[in-house]
Amino acid sequence: MIIKGKIWRFGDDIDTDAIIPARCLHTSDMAELARHVMEDADPSFPGKVKAGDIIVAGKNFGCGSSREHAPLALKGAGIACIIADSFARIFYRNAINIGLPILESPQAARALEKKQEVEVNLQEGTIKDLKSGRVFQAAPFPPSMQDIIKAGGLVNYVRKRVKQG
Amino acid sequence: MGMTMAEKILARGAGKEKVSPGELIMARVDMALGNDITAPVAINEFKKIGVEKVFDRERIALIPDHFTPNKDIASARQSKILREFAREQEIVHYYEVGRMGVEHALMPELGLALPGEIIVGADSHTCTYGALGAFATGIGSTDLAAVMALGELWFKVPPTIKITYKGKLPPYVGGKDLILYTIGQIGVDGARYKAIEFAGPAIDELSLEGRLTMSNMAIEAGGKAGLMAPDEKTLAYLAERAARPFNSVYPDKDASYEKEITFDVSKLEPQVAFPHSPENSRPVSEASHIEVDQVFIGSCTNGRLEDLEQAASILRGHKVHPRVRLIIIPATQEVYRQAMEKGLLDIFLAAEAAISTPTCGPCLGGHMGILAEGEVGLATSNRNFVGRMGHPKSQLYLSSPAVAAASAITGRITHPREIVS
């Protein structure tokens with residue numbers, strides 16, 4: 001799967017309260033969550049983000065609570081992929097489980113800047129800066145996680161397993 | 001080569017002789033829990049899986065605690081989803097308003113989190129039960145849906161960091177101070193993807209309550225779990241509560257740790273985390289100029305009986321500063337009852353504090369004490385991210401119940417010995 005999009009930049013330790021504040025957690029509707037996505041980190045973000053955009057962030061993206069509403073809000077806002085130096089553990093699981101592509105690449109996280117355009121190849125884990133042509137390699141997913149991604153998320157994966165008995 | 005506590009418990013859950021860090025395993029889960037924010041999403045996903053019944057109705061806990069008693073129509077709708085699912089699936093451990101508590105205070109109190117067990121919860125502070133010797137970790141809602149269907153989940157075996165606390169605890173220094181100091185030292189991602197083993201004489205000295213406070217905040221250092229080996233205090237605590245038989249797990253003497261850290265705590269001051277991160281911890285003496293508008297004592301971190309006793313011992317005979325609002329929330333109905341029987345509620349009321357029914361409430365900026373723009377709060381809870389307790393331009397500090405109580409009296413962040421002398 002190839003994703004091409006424009007970059008939004010965020011820093012280190014972006015927590016789940018910044019991604020979607022608790023005051024919005026009375027719903028799990030993706031479109032409604034998307035209206036408040038990242039608003040405490042950048043109030044203009046929900047109004048400006050476009051479907052297909054890509055987030056590039058520093059270390060420990062998604063730290064804090066276990067709320068799946070965080071990746072749901074990002075997915076609802078049309079974010080096609082998140083590239084970070086590193087992800088917090090529960091956010092990483094949640095993103096995979098709901099089918100939001102995420103890639104860990106410290107090099108890309110350092111080099112890429114706001115509004116740059118990149119092309120991401122999820123199978124190969126490559127991130128290409130379309131202006132300079134520079135290519136960054138992200139760590140590949142372990143095979144068991146690829147199974148979950150291939151099945152289209154954890155629920156489909158479990159459904160398949162349940163059917164097999 | 002031996003195994004750490006986390007490795008041993010995960011090996012047992014996966015039915016393996018040995019596991020190593022980095023290994024991906026499927027492991028049986030002893031207990032799974034969700035709350036009124038995370039479980040509705042999980043229930044929705046569970047229904048898509050296509051199984052009729054949950055894997056075991058005695059091994060799932062559903063606890064509406066975040067926005068309860070429901071603060072508005074939308075949150076009431078969320079709780080209703082939980083309630084109806086609990087009835088339909090005949091979930092044994094569903095705790096309704098009036099019988100509930102903040103989930104991570106309630107689970108240990110009811111003996112539902114036990115040594116050697118694997119416990120997962122759709123709430124990041126599930127790591128609290130590490131203090132009882134369980135491998136307990138936070139998961140997402142879709143994970144919870146999978147566990148409710150299968151009774152098992154995939155895990156990546158984490159490497160373990162061992163942190164040893166040497167020395168005798170000074171007065172007014174407890175579990176909250178140790179963990180805030182630790183996060184200050186290793187950072188909010190210092191234990192990312194890793195298990196922590198807390199050990200040493202200062203941990204032995206702590207009560208179970210103080211230990212639960214420490215493990216509760218392992219996640220604030222990015223930790224997957226924060227474990228403590230069970231001792232006589234653990235077994236005494238569980239003697240009258242344990243809901244199931246259990247087998248304690250201890251680390252092997254030749255276990256392999258990714259890193260070993262030792263802190264000497266004999267001269268540690270009470271700690272305060274400055275905005276907007278739990279890693280911004282400093283000695284309380286460096287915070288004495290900070291004036292506060294609101295103080296909150298409660299939460300899964302510090303809403304247990306010992307916490308309220310500590311607060312009461314400082315508030316006794318004093319009044320809350322005229323400029324300050326003090327909100328005290330016993331974490332469970334049982335804590336509430338014991339606080340009443342021991343006369344703590346009288347002390348709080350005489351001090352002019354507001355006392356609420358159990359709820360997570362203000363900890364996550366839900367309800368029961370939200371900060372306005374520009375206001376300064378001091379809380380015994382676990383996070384002080386931007387906007388955590390209300391307006392994005394409010395400021396939140398974190399401390400122990402003793403520091404919180406002292407600060408409510410003076411109106412600025414205060415070392416408890418200034419009050420009790």
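The sequence lines fix the lettering, A, B, ..., with proteins before strands; numbering per chain opens at 1. From a predicted model like this one, the values you see are computed outputs, not experimental measurements.
Residues passing the side-chain contact (heavy atoms from CB on, under 4.5 Å) test with A/Ala70 are A/Thr16, A/Ile19, A/Ile20, A/Arg67, A/Phe91, sequence neighbours excluded. In terms of the side-chain contact (heavy atoms from CB on, under 4.5 Å) criterion, residue partners of A/Arg110 (sequence neighbours excluded) are, by chain and number, A/Pro106, A/Gln107.
Shortest non-hydrogen contact noted between B/Ser124 and A/Ser65 is OG-CA, 3.5 Å. Contact between A/Arg93 and B/Asp143 at its shortest, heavy atoms only, is NE-OD2, 2.8 Å. Pairing each heavy atom of B/Tyr193 with each of A/Phe87, the nearest pair is CE1-O, 3.2 Å.
For chain B, the nearby part of A/Asp13 is the side chain; its heavy atoms alone come within less than 4.5 Å. There is no contact between A/Ala18 and chain B, counting heavy-atom distances below 4.5 Å. Interface residue A/Asn94: only side-chain heavy atoms are found under 4.5 Å from chain B. With a threshold of 4.5 angstrom between heavy atoms, B/Met217 does not approach chain A through any atom at all. Of the two parts of B/Leu24, only the side chain, counted from C-beta on, holds a non-hydrogen atom closer than 4.5 Å to a non-hydrogen atom of chain A.
Within residues 151-159 of chain B, the residues that have a heavy atom under 4.5 Å from a heavy atom of chain A are B/Glu152, B/Leu153, B/Trp154, B/Phe155, listed by number. Annotation: residues 40-50 of chain A contacts chain B through A/Asp40 [non-hydrogen atoms, separation under 4.5 Å].
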A/Ile90 vs B/Ile219, side-chain contact (heavy atoms from CB on, under 4.5 Å): CA-CA, chis, key distance, verdict: CA-CA 10 Å; A/Ile90 307 174; B/Ile219 179 70; 4.1 Å; yes

Check against salt bridge (Lys or Arg N to Asp or Glu O under 4.0 Å), A/Asp17 and B/Arg383: CA-CA 10 Å; A/Asp17 280 277; B/Arg383 288 191 178 129; 5.2 Å; no

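Checking A/Arg89 against B/Thr137 by side-chain atom types alone, a donor-acceptor pair falls below 3.5 Å. Between the side chains of B/Thr38 and A/Glu68, not a single donor N or O lies within less than 3.5 Å of an accepting N or O.
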